[in-house]
Amino acid sequence: MDLENQKRVKDFAEQYSPENVVVLLGASEGEASGLAAETVTNGDPTYAGPLTGVQLGLSVYHVCEPEIKAEIDPAVYDEQISMMEMVLDVDDIQTEMRSIREQYCKF
């Protein structure tokens, strides 16, 4: 997650309080999704950005997870996401995201 997005997430969490913020990711690999998820929950593991040492514990999901997919109009999901979903390792992404939520999410 780049430094500008870290700042945006931190600002939103401060403005709306962490329990009212959900981060939605779309990275194409489980490892990248996990790194971004860890950043918004437990703080920047690279110690380079605004979330270094900031444990927000935010709720975080990937757009291909069933919880999110169920909230999106099926026609929109099909048009915007389903093609990409066919080439992703969705199981790996979902496993990584569940692991991060179990370890770090507070809300």
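None of the values given here were measured: they were computed from a predicted structure. All values below were derived from every heavy atom in this structure, side-chain atoms included, with hydrogens, water molecules and symmetry-related copies excluded.
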Could you check whether any side-chain heavy atom of [X] comes within less than 4.5 Å of a side-chain heavy atom of [Y], counting everything from C-beta outward?
{"X": "Lys69", "Y": "Tyr77", "value": "yes"}
{"X": "Thr41", "Y": "Cys105", "value": "yes"}
{"X": "Thr52", "Y": "Val54", "value": "no"}
{"X": "Met97", "Y": "Glu67", "value": "no"}
{"X": "Gln6", "Y": "Leu3", "value": "yes"}

| query | What are the two closest heavy atoms between Gln94 and Pro66, and how far apart are they? | reply | NE2-CD, 3.5 Å

| said: Testing the basics here: between Glu65 and His62, what is the closest heavy-atom pair and its distance to 0.1 Å? | reply: OE1-N, 2.8 Å

Out of curiosity, [X] [atom1] to [Y] [atom2], how far, rounded to the nearest 0.5 Å?
{"X": "Tyr104", "Y": "Leu56", "atom1": "OH", "atom2": "CG", "answer": "14.0 Å"}
{"X": "Gln80", "Y": "Asp73", "atom1": "CD", "atom2": "CG", "answer": "11.0 Å"}
{"X": "Asp89", "Y": "Thr95", "atom1": "CG", "atom2": "OG1", "answer": "8.0 Å"}

Same apolar cluster (I L V M F W Y, side chains within < 4.5 Å links), [X]/[Y]:
{"X": "Val87", "Y": "Ile81", "result": "no"}
{"X": "Tyr16", "Y": "Val40", "result": "yes"}
{"X": "Val60", "Y": "Val90", "result": "yes"}
{"X": "Tyr61", "Y": "Val76", "result": "yes"}

| message | With a 4.0 Å cut-off on N to O distance, would you call Glu19 and Lys106 a salt bridge? | response | no

| Is the number of heavy atoms from other residues, nucleotides or ligands within 6.0 Å of CZ (Phe12) greater than 12? | no

| Is the backbone of Ser59 close enough, under 3.5 Å, to the side chain of Arg101 for a donor and an acceptor to pair up by distance? | no

| query | Are the side chain of Asp44 and the backbone of Ala48 linked by a donor-acceptor contact shorter than 3.5 Å? | reply | yes

| request: Could you go through the side-chain hydrogen bond (donor to acceptor under 3.5 Å, both in side chains) check for Gln103 and Asn42 one step at a time? | output: CA-CA 9 Å; Gln103 290 179 61; Asn42 194 46; over 6 Å; no

| query | With no hydrogens and no angle check, do the side chains of Asn20 and Ser17 hold a donor and an acceptor under 3.5 Å apart? | reply | yes

| task | Start with the C-alpha gap between Cys64 and Ile93, add the side-chain angles, then the distance that decides, and say whether side chain to side chain contact (heavy atoms under 4.5 Å, CB included) holds. | result | CA-CA 8 Å; Cys64 292; Ile93 291 170; 5.5 Å; no

Residues 21-39, side-chain donor-acceptor partners within the protein, below 3.5 Å, at least two apart:
residue	atom	partner	partner atom	Å
Ser33	OG	Glu29	O	3.0
Thr39	OG1	Leu35	O	2.8

